[in-house]
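Let me begin by presenting the structure, written as structure tokens, before commenting on it.
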Amino acid sequence: MSHVAHDLHAEFPNDGDILHDLKMSDGHFRTVADRYHDINKEIHRIEAEVEAASDERSEELKKQRLLILDEVAAMIAQAKTA
């Protein structure tokens, strides 16, 4: 169990410029990034035992975070080919 929050730059360390460009120019990306941030923050609070949650809730949040990471990875890949 990790007590370190994972921001998108930590997840995609080689794509910081692309993440910044997407956040500045793509409203959908901003929405996705904000959702990731909110879910990630909630997971971090649960893992740090600041916030209580059932195992099911924690696992559901982690699944949502992974789905968002997949979407972000696809958006990065598309931006690289554009």
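Side chains are part of it too, since the values below use all heavy atoms of this structure and drop only hydrogens, waters and symmetry mates. Position 1 is the first residue of the sequence; numbering continues from there.
- Taking CD from Gln64 and CD1 from Ile43, the interatomic distance works out to 8.0 Å, rounded to the nearest 0.5 Å.
- For Asp34 and Lys23, the salt-bridge test passes: some basic side-chain N is under 4.0 Å from an acidic carboxylate O.
- Taking CD1 of Ile18 as the reference point, atom CG of Leu8 lies at 13.0 Å (rounded to 0.5 Å).
- Contact of the Lys62 side chain with the Glu47 side chain is registered, since non-hydrogen atoms from C-beta on lie closer than 4.5 Å.
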Audit row: Phe29, Leu19, side chain to side chain contact (heavy atoms under 4.5 Å, CB included) steps and yes/no
CA-CA 9 Å; Phe29 180 83; Leu19 290 170; 3.6 Å; yes
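- Counting heavy atoms from C-beta outward, His44 and Asn40 have side chains that stay 4.5 Å or more apart.
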Using a 3.5 Å cut-off and no angle test, enumerate the donor-acceptor pairs between side-chain atoms of residues 71-82 and protein atoms at least two apart in sequence or in another chain.
unit_1, atom_1, unit_2, atom_2, d
Glu71, OE2, His28, NE2, 2.8
Lys80, NZ, Asp15, OD1, 3.1
Thr81, OG1, Gln78, O, 2.9

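- The distance from atom CZ of Phe12 to atom CG of Leu69, rounded to the nearest 0.5 Å, is 5.0 Å.
- For Asp70, the CG atom is densely surrounded, since the number of other residues' heavy atoms within 6.0 Å is greater than 12.
- Between Met24 and Arg30 there is no side-chain heavy-atom pair separated by less than 4.5 Å.
- A donor-acceptor pair under 3.5 Å is absent between the side-chain atoms of Ser58 and the main chain of Ser54, judged by distance alone.
- Exactly one of Ile68, Thr31, Leu67 qualifies for a side-chain contact (heavy atoms from CB on, under 4.5 Å) with Tyr36. That residue is Ile68.
- For Asp26, there are no salt bridge (charged side-chain N to carboxylate O under 4.0 Å, His left out) partners at least two apart in sequence or on another chain.
- Ion pairing of Arg57 with Glu42 is present here, as a side-chain N (NZ or NE/NH1/NH2) and a carboxylate O approach within less than 4.0 Å.
- For Glu59, there are no side chain to side chain donor-acceptor pair (under 3.5 Å) partners at least two apart in sequence or on another chain.
- Ile39 and Leu61 get closest at one heavy-atom pair: CG2-O, 3.5 Å.
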